[in-house]
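Proteins come first, then strands; the chains are lettered A, B, ... in the order of their sequence lines, and each starts at number 1. Excluded from the calculations below are hydrogen atoms, water molecules and symmetry mates; all remaining heavy atoms, backbone and side chain alike, are included.
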Amino acid sequence: MMLANDQDEEGLGSTAYNAEAGRVDVRFADSISLKTTALVIAASDKAGMKGAPRDRINEIIARESKGSLFMQRAHHLAEKDGEKIQSLLQRLNEKDDQSDNWRVSMCEDTIDPQLERYRSQRKKVSTRVVVDLDSFFISCHILDNPELDESPCCVGGPKMISTSNYKARRYGVRAAMPGFIGQVLVKELSGGSECLTFVKSDFKLYHSKSAEVKAILQEYDKTLKMCSLDEAYMDIESYLDAYFSITEGDRDHAAITKRMSNSDDDRPPLQEMASILEIKEVTKNLLHSIRKRVHRETGLTCSAGTASNFMIAKIASDMNKPNGQVFVGPSEEEIRTFLSPLSVRKVCGVGRILEKFLRATLGVVTVADLYAKRAEVNFLFKPATAQFLLRVSIGYSEDSRRESEGGERGDDESAQRKGMSGERTFQPTDTWSDLCVKLESIATRLAKDIQSKGLKPRTIGLKVKLANFNLLTRTNTRQVALFQQAGDGSTQTLVDIAVKLLRDVKRAFVEEHKDKAGFMVRLLGVRCSNFRLERETQPSILQFQKNACDVQLDQLEPGHPLETSAGLSST
DNA sequence: GGGCGCGTTAGGC
DNA sequence: TTCCAGCCTAACGCGCCC
Ligand SMILES: Cc1cn([C@H]2C[C@H](O)[C@@H](COP(=O)(O)OP(=O)(O)OP(=O)(O)O)O2)c(=O)[nH]c1=O
């Protein structure tokens, strides 16, 4: 039977997660001024980093990054952050000058009652599960080519790494690191005996493996949501319901799933069919067997986190990577024990910036700190952020899922997509005709994708990254959507609009900087969004043909090669 | 006041 | 030869328009 007790690695209880994993790097914890290294070195407690010679890694990264335009910009931004931090500190001081017990009243009057309400709304059982495939991209390639895993390798190229295997992670090579630095890392730290292998990404492969995994997981929750190719958010409550409603000897997977589909949902709540302890054991075994099945049937290993909400489950899924799982019980006590010592950065939604601000302004590093400083947090941050952080402080998230997701198109995926885009980085150039050629290629490629999905975008956006990494964007929304029907010239229109936007951006830039030569571009991107809904009534084209928003085609000389129409004579 | 459009920022995979 | 990707969502502040 499926729920048999296999006993590989872990088998961890709610509090037996790796105590190292969430520990804060004390070298940065007490310092507000950030050095070069701190700007770049991401959480070094990621899976697979244990045992790596961290100081040498940091040293090499700092050395290889020094003086680059990228780092110059990073420093510039860090300075601006510093100013913001100062102004926040100022506000806090003023508040303290005005009143000395505002914290107490703020907690008593608003925060604590709110948190209490949240606590009362918690699910009583831990049935939320996050499943995350290990080193997903590179694992897919290793499946086809096992020798890859014998040495450090990664998916990506000299410019950027998407993910790496564990041999590479030992040397500090990780996602979002430029490949050339990864290469130096491996060569130097291995004393020249090893070399980082780059593998080209292959999204067809990832999609197909992802679909295999999804199909398996769906047997345990039909309504599961794939948040990305390698991450599933699911709720196994129905499965457990069915499990416990079947008499003990007959509880095999087939019977359970059959029972699940007969949704005569009049069963008593889970907590009444079994004890919390029993549920916990069954859940842990279930997750074990699910992961084992995924591995057997796809060759991929994955990690899982189980908790009473997705916020906690997501963190838990990362605690025992790779190929492990963590269960966090539903009680207030268990949640607090799990969350308190963790860095706030562990929480999905708290990124580099928020982490930095919390530490620099309030000295908040862990979730426990966050709770202790909840009044200050509530005062200092914008309402939405403050609310979010308060929820984080007690580990509460509303993830009622079950969203109907009425995605018009019965079509498989593409459910409610908000936008589609394409972008390309290249050797920086300020040659107008070159930029136009690149832009045209990006736009036409995107047009194909848009058409194949049957999307009808109303707004077109341009993205320009300058050589100094500054980002500029410009959009244009039209009354009438593009790509309404095949062969309506929309591809050309898309190209024309993109070029027009580029011309606008350049004009504005030159205007502002009085600097024609400074328009050195390293990336161009085109984005389509604001899709017309399937059945939506369309305003008559006659009604709007004079609208100033819509690009006038006759001004763009459609059909002419870019280099000679929009091209060359830009301003 | 709300809704929309635009430019930017933060965050995640 | 190389010197920091490419794709996606959400939110906010602002101006503009009913
Ligand atoms: C973080 C990250 C991931 N990816 C891709 C490659 C990853 O394999 C895939 C899933 O991301 P993750 O789940 O974040 O990472 P991972 O699966 O590679 O490794 P881990 O075992 O530590 O979870 O998304 C990027 O393209 N860019 C990124 O910045």
Quiz prompt | Rounded distance (Å) that lies between atom P of C:dA11 and atom CD of A:Gln387 | solution = 13 Å
Quiz item: What is the nucleic acid contact for A:Arg522, judged by heavy atoms within less than 4.0 Å: base, sugar-phosphate only, or nothing?
Solution: sugar-phosphate
Quiz prompt | Nearest-nucleotide comparison on DNA chain C, the residue closer to the 5′ end among A:Ser162 and A:Pro383 | solution = A:Ser162
Exercise. Look at the side-chain N and O atoms of A:Lys465 and state whether any lies under 4.0 Å from the OP1 or OP2 oxygen of C:dA5.
Key: yes
Self-check item: Electrostatic pair A:Lys438:A:Asp434 at N-O distance under 4.0 angstrom
Solution: no
Practice problem: Classify the side chain of A:Ser65 versus the base of C:dC4 as yes if they form a donor-acceptor pair under 3.5 Å and no if they do not. | Solution: yes
Practice problem: Classify the nucleic acid contact of A:Val505 as base, sugar-phosphate or nothing, counting any heavy atom under 4.0 Å across all strands shown. | Solution: nothing
Quiz item: Closer than 4.0 Å, any side-chain N/O of A:Arg478 to the OP1 or OP2 of B:dG5?
Solution: no
Quiz item: Just checking A:Met420: base, sugar-phosphate only, or nothing, at a heavy-atom cut-off of under 4.0 Å?
Solution: sugar-phosphate
Exercise. Verify the contact: side-chain N or O of A:Ser421 to OP1 or OP2 of C:dC7, cut-off strictly under 4.0 Å; return yes or no.
Key: no
Quiz item: With a non-hydrogen cut-off below 4.0 angstrom, is A:Gln427 in contact with a base, only sugar-phosphate, or nothing?
Solution: sugar-phosphate
Practice problem: Using atom CZ of A:Phe137 as one end and atom P of B:dC13 as the other, report the distance to the nearest whole Å. | Solution: 12 Å
Quiz item: For A:Phe388, is the NZ or CZ atom of A:Arg391 found under 6.0 angstrom from the centre of its six-membered ring and inside 45 degrees of the ring axis?
Solution: no
Quiz item: So what does A:Leu69 hit on the nucleic acid, given a heavy-atom distance under 4.0 Å: a base, only sugar-phosphate, or nothing?
Solution: nothing
Quiz item: Touch check for A:Phe469, heavy atoms < 4.0 angstrom, all strands: base, sugar-phosphate only, or nothing?
Solution: sugar-phosphate
Self-check item: Nearest-Å distance for atom pair CZ/C1', residues A:Arg73 and B:dT8
Solution: 11 Å
Quiz item: Between B:dG12 and C:dC4, how far is it from one P atom to the other, in whole Å?
Solution: 23 Å
Practice problem: Look at atom NZ of A:Lys159 and say whether more than 12 heavy atoms of other residues, nucleotides or ligands are closer to it than 6.0 Å. | Solution: yes
Practice problem: Pick base, sugar-phosphate or nothing for A:Leu354, based on heavy-atom distances below 4.0 Å to the nucleic acid. | Solution: sugar-phosphate
Quiz item: Touch check for A:Lys463, heavy atoms < 4.0 angstrom, all strands: base, sugar-phosphate only, or nothing?
Solution: nothing
Quiz item: Does the side chain of A:Thr475 get closer than 4.0 angstrom to OP1 or OP2 of B:dG7 through an N or O atom?
Solution: yes
Quiz item: Between A:Arg352 and A:Glu355, is there a side-chain N and carboxylate O pair less than 4.0 Å apart?
Solution: no
Practice problem: Output yes when at least one side-chain N/O atom of A:Thr473 is less than 4.0 Å from OP1 or OP2 of B:dG7, else no. | Solution: no
Quiz item: Does NZ or CZ of A:Arg128 fall inside the cone over A:Phe310's six-membered ring, less than 6.0 Å from its centre and within 45° of the axis?
Solution: yes
Quiz item: Across the strands shown, which category fits A:Ser228 at heavy-atom distances under 4.0 angstrom: base, sugar-phosphate, nothing?
Solution: sugar-phosphate
Practice problem: Report which part of the nucleic acid A:Gly419 touches: base, sugar-phosphate, or nothing (heavy-atom distance under 4.0 Å, all strands). | Solution: sugar-phosphate
Quiz prompt | Gap between atoms CZ and P, on A:Phe388 and B:dA10 respectively (whole Å) | solution = 15 Å
Quiz item: Closer than 4.0 Å, any side-chain N/O of A:Arg527 to the OP1 or OP2 of C:dT9?
Solution: yes
Quiz item: Between A:Leu466 (CG) and C:dC4 (P), how many Å, whole number?
Solution: 14 Å
Quiz item: Any Lys/Arg nitrogen of A:Lys321 or A:Asp132 sitting under 4.0 Å from an Asp/Glu carboxylate oxygen of the other?
Solution: yes
Exercise. Using a 4.0 Å heavy-atom cut-off across all strands, classify A:Lys314 as base, sugar-phosphate, or nothing.
Key: sugar-phosphate
Quiz item: Hey, is the side chain of A:Arg424 poking within less than 4.0 Å of OP1 or OP2 on C:dG6, counting only N and O atoms?
Solution: yes
Self-check item: Pairing of A:Lys465 and A:Glu423 as salt bridge, 4.0 angstrom limit
Solution: no
Practice problem: Look at the side-chain N and O atoms of A:Arg417 and state whether any lies under 4.0 Å from the OP1 or OP2 oxygen of C:dC8. | Solution: yes
Quiz item: Is the shortest side-chain N/O distance from A:Asn530 to OP1 or OP2 of B:dG5 below 4.0 Å?
Solution: yes
Quiz item: Rounding to a whole Å, what distance do you find between A:Arg458:CZ and B:dC6:C1'?
Solution: 13 Å
Quiz item: How do A:Ala384 and A:Arg445 order along DNA chain C: which one's closest nucleotide is nearer the 5' end?
Solution: A:Arg445
Quiz item: Looking only at side-chain N and O atoms, does A:Lys382 come under 4.0 Å of OP1 or OP2 in C:dC12?
Solution: no
Quiz item: Is A:Gly422 touching bases, backbone alone, or none of the nucleic acid, heavy atoms closer than 4.0 Å?
Solution: sugar-phosphate
